[in-house]
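Structure record follows, encoded as structure tokens.
Labels below follow one simple rule: chain letters A, B, ... track the order of the sequence lines, proteins then strands, and each chain is numbered from 1.
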There are 2 protein chains.
Amino acid sequence: MAQAASPRRPTIRMVAERAGVSVATVSYVLSGRSSSPTTRVGDETAARVRDAAEALGYVPSSAARAVRTGRTGTVLLSLTMLSDPWSLALVEAVRRATRGTDLTPLVAADADWRPLVRSLQPDVVFIDDADRPGDAALLRTLAASGDRLVVMDPDLAPDGFDVIRNDDHAGCRLLAETLLDRYETVGLLSPNGIARLRPGGRPAAYVEALKARGLPVRPEWCPAAGDDESSAFRAALELLRRADRPQALMATSEYIGQAALGAAGALGLRPGTDIGIASVGNAFATTSRGLGMTSVGPERFFEAVAELLVSRAAGDDGTPPGEHFFEWQVFERESTLGA
Amino acid sequence: MAQAASPRRPTIRMVAERAGVSVATVSYVLSGRSSSPTTRVGDETAARVRDAAEALGYVPSSAARAVRTGRTGTVLLSLTMLSDPWSLALVEAVRRATRGTDLTPLVAADADWRPLVRSLQPDVVFIDDADRPGDAALLRTLAASGDRLVVMDPDLAPDGFDVIRNDDHAGCRLLAETLLDRYETVGLLSPNGIARLRPGGRPAAYVEALKARGLPVRPEWCPAAGDDESSAFRAALELLRRADRPQALMATSEYIGQAALGAAGALGLRPGTDIGIASVGNAFATTSRGLGMTSVGPERFFEAVAELLVSRAAGDDGTPPGEHFFEWQVFERESTLGA
DNA sequence: TTGTAAGCGTTATCAT
DNA sequence: ATGATAACGCTTACAA
């Protein structure tokens with residue numbers, strides 16, 4: 001016997017009327033503060049309220065709540081490249097960490113977080129691209145006006161917001177060294193190749209490792225892999241097809257690593273046996289090809305970031321916002337060791 | 001000379017004060033209705049307002065706006081398995097479709113949409129799992145109280161909300177037929193194998209195709225692939241390792257197809273040459289292995305769904321909510337044709 | 001052309 | 001133990 005569909009979405013007022021109490025009481029009961037020292041609602045009343053809410057299918061409007069409290073119960077993940085295994089790993093970690101919490105993770109894929117943070121007012125935001133000119137100043141302003149921000153950036157200094165700092169450069173240097181210990185020749189797959197090397201960047205670490213050993217840097221072994229998996233695949237394919245291809249490949253992102261793996265497979269080259277492949281990020285230990293991917297990156301990174309986000313969202317300002325530095329280590333797996 | 005950081009997030013009132021006008025005027029100017037017939041704001045005033053907003057870094061609170069107007073400017077995508085290429089393709093399509101709009105796509109990964117729809121009040125929601133007992137009734141109620149819903153489900157009937165219906169069964173039957181034309185033996189990789197066949201489901205179509213040709217259904221060729229890529233990989237690997245493995249494999253989801261491709265590669269089997277592999281969904285024409293994946297599915301599906309979402313969010317009730325049926329066709333590509 | 005003011009659904013401070 | 005009520009930031013008739 002479903003009752004006639006109510007034409008309007010149920011509000012707290014309707015619940016109050018149905019339960020024969022005031023809206024204040026409903027609010028107390030439903031927000032769990034019905035047993036605060038100041039406000040103690042009777043058990044029987046509370047039950048009536050809950051029944052009414054249930055019957056009406058009432059769920060508090062987070063918008064209205066946000067206007068009043070400033071909190072939305074939302075964790076915003078602004079991710080430029082959602083399909084990258086790295087991004088997916090973070091989403092999954094945050095999902096786990098928010099289980100049982102009243103927080104909802106929301107993902108904005110390849111969107112501009114700048115206006116979003118202000119308009120959506122999430123309880124905390126994760127940002128993976130803050131490299132536009134005015135960003136440092138903007139982040140400071142946002143943080144100063146109460147927004148909780150967790151930014152991943154190699155250069156930014158914390159300034160009211162948290163900064164995730166990865167040991168990018170040293171890590172990549174280490175990975176390059178590791179590969180050079182095992183292979184005579186190592187190529188590089190990075191989005192922009194080795195043109196216009198940014199000091200402290202990942203490609204730069206590769207170049208430095210070569211130079212430190214007195215090895216030549218061969219530009220034809222360092223093609224631009226582009227910003228998406230399919231262009232990375234083409235770049236990898238072309239490189240691996242060369243008669244003088246390197247014995248190993250180092251990919252500076254997970255999506256590039258995946259693509260390199262695919263290209264090797266397409267050419268019948270067995271990773272770890274015919275060709276060494278290593279990736280940066282350590283987002284996935286096991287690839288879709290079932291073999292372990294040698295990688296460099298932090299351990300338990302995603303869990304750590306997720307925990308930070310949750311604690312910031314909860315308003316934990318015990319530890320002031322600052323820099324979170326993640327040491328990187330090399331994980332040698334089948335893709336360079338063989339099966 | 002950046003001014004001292006304002007301690008509070010800027011509100012419409014601050015903008016009004018700074019510009020020396022009323023909040024109403026600010027609202028008019030910023031929401032673009034400054035040239036409505038009733039409310040025409042002077043050019044000079046408008047400019048002053050915009051300058052003030054700019055200077056303060058003011059962005060309207062979508063929460064406050066939502067309380068008033070009921071609109072959040074948000075498209076919610078509730079996706080159970082975000083890492084599935086199918087999901088990622090939808091996200092990308094929606095992102096494209098909302099470009100230039102004032103809509104923001106937000107992804108909720110593996111979350112419970114039931115309370116979310118009510119609390120977040122998105123302008124439209126896409127739902128890919130509405131198979132819990134009370135869902136049909138709940139969806140009706142939600143739709144009746146004004147929520148715009150687009151639900152993908154094989155069984156649900158539209159009832160104030162839109163239903164995306166795919167020609168699942170016929171499509172899979174067609175794919176199975178196509179494979180059986182080319183290969184003598186075909187295995188199946190579906191999440192639950194062929195135990196407890198749901199009539200009208202994808203595995204059922206496979207079984208029917210076999211039976212129609214008088215071919216035996218061999219359970220050992222239809223293992224349960226599980227709900228994630230790694231278990232699918234293991235299942236595919238085990239199946240392909242059998243001495244009596246089938247000549248071709250049909251995967252009922254994209255993530256399973258990816259896994260199968262990976263398993264083949266791991267065993268040194270060239271898809272299209274040594275083993276036929278086909279997938280269901282048609283989310284990606286080209287795999288990370290660079291070869292085309294034979295697939296069955298609708299054409300321009302993601303674009304169509306994205307367009308529907310945008311038009312619903314815009315409040316286009318010209319066409320009443322209903323069923324959107326997508327014909328499926330087989331796309332034969334290298335993974336069954338050879339390179 | 002612009003301002004006044006009511007009201008959206010909540011929460012929280014006070015009374016009662 | 002519960003209820004009035006102001007306030008949150010914004011939009012929108014309507015008045016000026």
Mind grabbing the angle between the end helix axes of the helix from C/dT1-D/dA16 to C/dT16-D/dA1? Five pairs an end, 10° rounding.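 The value is 40°.
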Covered region of DNA chain D, 5' end to 3' end, by chain A [heavy atoms, under 4.0 Å]: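 With heavy atoms of chain A under 4.0 Å away, the range is D/dA1 to D/dC8.
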Check whether any side-chain N or O of B/Asp317 sits under 3.5 Å from a backbone N or O of B/Pro320 as a donor-acceptor pair, and report yes or no.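 Side chain of B/Asp317 to backbone of B/Pro320, a donor-acceptor pair under 3.5 Å: no, none is there.
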Look at the side chain of B/Ser31 and the backbone N and O of B/Ser27, then say whether any donor-acceptor pair between them is shorter than 3.5 Å.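 Indeed, once roles are kept as given, a pair shorter than 3.5 Å links the two residues.
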Strictly by modelled atom types, are [X] and [Y] linked by a side-chain donor-acceptor pair under 3.5 Å?
X	Y	result
A/Ser119	B/Arg65	no
A/Thr101	A/Thr98	no
B/Asp123	B/Thr74	no
A/Thr80	A/Asp128	yes

For nucleotides 6-12 of chain C, just jot down a letter per nucleotide in 5' to 3' order: B, S or -, based on protein non-hydrogen atoms under 4.0 Å. BBBBBBB
Matching residue for B/Val107 among B/Leu76, B/Val94, B/Val91 - test: side-chain contact (heavy atoms from CB on, under 4.5 Å):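 That would be B/Val91.
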Have a look at A/Val125 and tell me which of A/Val117, A/Asp147, A/Val150, A/Leu106 forms a side-chain contact (heavy atoms from CB on, under 4.5 Å) with it.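 Going through A/Val117, A/Asp147, A/Val150, A/Leu106 one by one, the side-chain contact (heavy atoms from CB on, under 4.5 Å) with A/Val125 is satisfied by A/Val117 alone.
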With a 6.0 Å cut-off on the ring centroids, do A/Phe302 and A/Trp86 count as close?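 Here the rings of A/Trp86 and A/Phe302 have centres that are less than 6.0 Å from each other.
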Any B/Ser22 side-chain N or O less than 4.0 Å from OP1/OP2 of C/dT4: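 So the side chain of B/Ser22 is outside the cut-off, no N or O lying under 4.0 Å from OP1 or OP2 of C/dT4.
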Any side-chain heavy-atom pair of A/Val21 and A/Arg48 under 4.5 Å: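 Counting from C-beta outward, A/Val21 and A/Arg48 do come under 4.5 Å.
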